[in-house]
Amino acid sequence: MQIAMVSEHASPLAALGNVDAGGQNLHVAELSVALCQKGHAVTVYTRRDDPSLPARIRTPAGYDVVHVPAGPWEPIPRDELLDHMPEFGDWLHRRWSRSAPDSAPDIVHGHFWMSGLACLRGAAGLGIPVTETFHALGVVKRRHQGSADTSPANRLDLERTLSQRVDRILATCSDELFELARMGAPHDRMSVVPCGVDLQRFTADAVSADAPAPQRRMPHRIIAVGRLVPRKGFDIAIAALRHLPTAELVIAGGPRPEELDQDEEGSRLLRIARRQGVADRVHVTGQIPREHMPALLCSADVVACTPWYEPFGIVPLEAMASGVPVIAAAVGGLTDTVVDGVTGTLVPPQDPNALAEAARELLADEALRHSCGAAGRRRVASRYSWNRIAADTQRIYHRVLAPSEEPNEKVAAL
Ligand code: UDP
């Protein structure tokens, strides 16, 4: 099958951890690799944001990345990209109309709502079905961020329209299904296909010879990972540290370490740490290259994920694959992935005391940490390998391409 992935802002080739580069970039990259391994031809279309990028690159994993000229060839914040989506979609349309029949895509898969719009425009009139993974929903962002939400004003309306026009929606978690249903998305065109984790890369004995994890300065280590944005809730973990005198907190993510002191959120977190009297036990590392993340996670006794909201959250899967218990806020995808009392603990969101209590219990009990870590590894191995996610995705593609061969399934959860 010829598969076109469209990921307007999130290139699978980008370094992760920056404000606009995280789980989506990784998802598109890993899913593309896993689909290639199943014998499909995958091309990822992403916006050209640098003049030095080649028009097309064949990655070592076998998928192609095409840099689409849409808007200036420079970085543009994600929330300012909407105006360039018509150009993006028209470019795709010209490309796919001109393609020889054997190189036009059989199916298009949009990632994030703006890509979905470009996909509909690109595939219009060509008989190519469009599938969509939203990765995040505007309605959730608006609910939590209120006036701080910089998304285009018409995002909610456009997402609603998109959800009704695509041939199939791949929601990444059950919480998203319910959100989509409330938006009026058609029940019989939605499925849950979560994100995955690389089980070979993230293991309980990962080490990194050239970049060992930072030296431990306290008996216990808690790690939090993600883009340095307020909604990731790193301040919750900092506040919890006051009640955990044996623990240090490593916060990994953000810009490159040398640019960290100009980072607004990084500086805010350090100010909070000073105010809480825990600055000597908080280490903000800046961006951790992908290849060094497994060893870092292995150095943790506990991984804390305390976002205000989380469309999916790949970090908990990486921690579980590394055999580390996860304490997670009970929001979004985290309620699907983390099993309370089995692979870690679910706590109410934005509650440092609850986080501290859960961490105290785990840090005091090594056997409990081991059993939660082992259960986490078993859970991701059975449900969240990229091979399995690709198989689920492939099944959806087949269903869209040949609906009459599939039973008319409704989403069971609804
Ligand atoms: N990540 C990384 N280096 C960093 C920060 C994050 O490689 O410095 C990776 C992290 O390991 C995970 C992804 O970025 O694979 C973040 O995905 P997640 O779904 O947790 O959050 P998102 O960024 O999508 O909100």
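We number each residue from 1, following the sequence as shown. Order of listing sets the numbers, starting from 1, for every ligand and every atom in it. Everything numeric in this text was worked out from a predicted model, so none of it was measured.
- Closest heavy-atom approach to atom 21 (O) of ligand 1 among the candidates K232, Q287, R227, M293: K232.
- With respect to the salt-bridge test (charged N to carboxylate O, under 4.0 angstrom), the residues D301 and R221 do not qualify.
- Classification of E318 and R290 as a salt-bridged pair holds, one side-chain N sitting under 4.0 Å from a carboxylate O.
- Of all atoms in ligand 1, numbered sequentially from 1 with element shown, those under 4.0 Å from a heavy atom of E318 are 10 (C), 11 (O), 12 (C), 15 (O).
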- Task: Go through the steps to decide whether I222 and V303 satisfy the test side chain to side chain contact (heavy atoms under 4.5 Å, CB included), and finish with yes or no.
- Result: CA-CA 6 Å; I222 300 171; V303 166; over 6 Å; no

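- Taking the ring centroids of H135 and F112, they lie at or beyond the 6.0 Å cut-off.
- Contacts with ligand 1 closer than 4.0 Å are made by no heavy atom of H292, backbone or side chain.
- Contact atoms of ligand 1 toward G313: 19 (O), 20 (O) (distance under 4.0 Å to a heavy atom of the residue).
- Here is the list of ligand 1 atoms found below 4.0 Å of a heavy atom in G22: 23 (O), 24 (O).
- Residue-level proximity to ligand 1 for H135 is absent, since no heavy atom of it falls below 4.0 angstrom.
- Counting heavy atoms under 4.0 Å from ligand 1, residue I314 touches it through both backbone and side chain.
- A distance of 7.0 Å separates OG1 of T46 from CD of E8, quoted to the nearest 0.5 Å.
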- With salt bridge (charged side-chain N to carboxylate O under 4.0 Å, His left out) as the test, would you mind laying out the steps for R182 and E179 before giving the verdict? CA-CA 5 Å; R182 278 194 284 272; E179 293 288 352; 3.4 Å; yes

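- Under the 4.0 Å criterion applied to side-chain N and carboxylate O atoms, E264 and R268 are not assigned as salt-bridge partners.
- Where the criterion is an N or O separation shorter than 3.5 Å, residue side chain and backbone included, I288 meets it with respect to ligand 1.
- Atoms of ligand 1 found under 4.0 Å from any heavy atom of L26 (numbered from 1 in listed order, with element): 15 (O).
- Checked by distance only, ligand 1 and A252 stay at 3.5 Å or farther apart across all their nitrogen or oxygen atoms.
- The atoms of ligand 1 that sit less than 4.0 Å from any heavy atom of R290 are 7 (O), 11 (O), 15 (O).
- Of the charged side-chain nitrogens involved, at least one lies within less than 4.0 Å of a carboxylate oxygen, so that D79 and K141 count as a salt-bridged pair.
- Aromatic ring centres of H27 and W386: separated by under 6.0 Å.
- Among the atoms of V225, none of the N or O lies under 3.5 angstrom from an N or O of ligand 1.
- The shortest separation from a heavy atom of R231 to ligand 1 is under 4.0 Å, placing the residue in contact.
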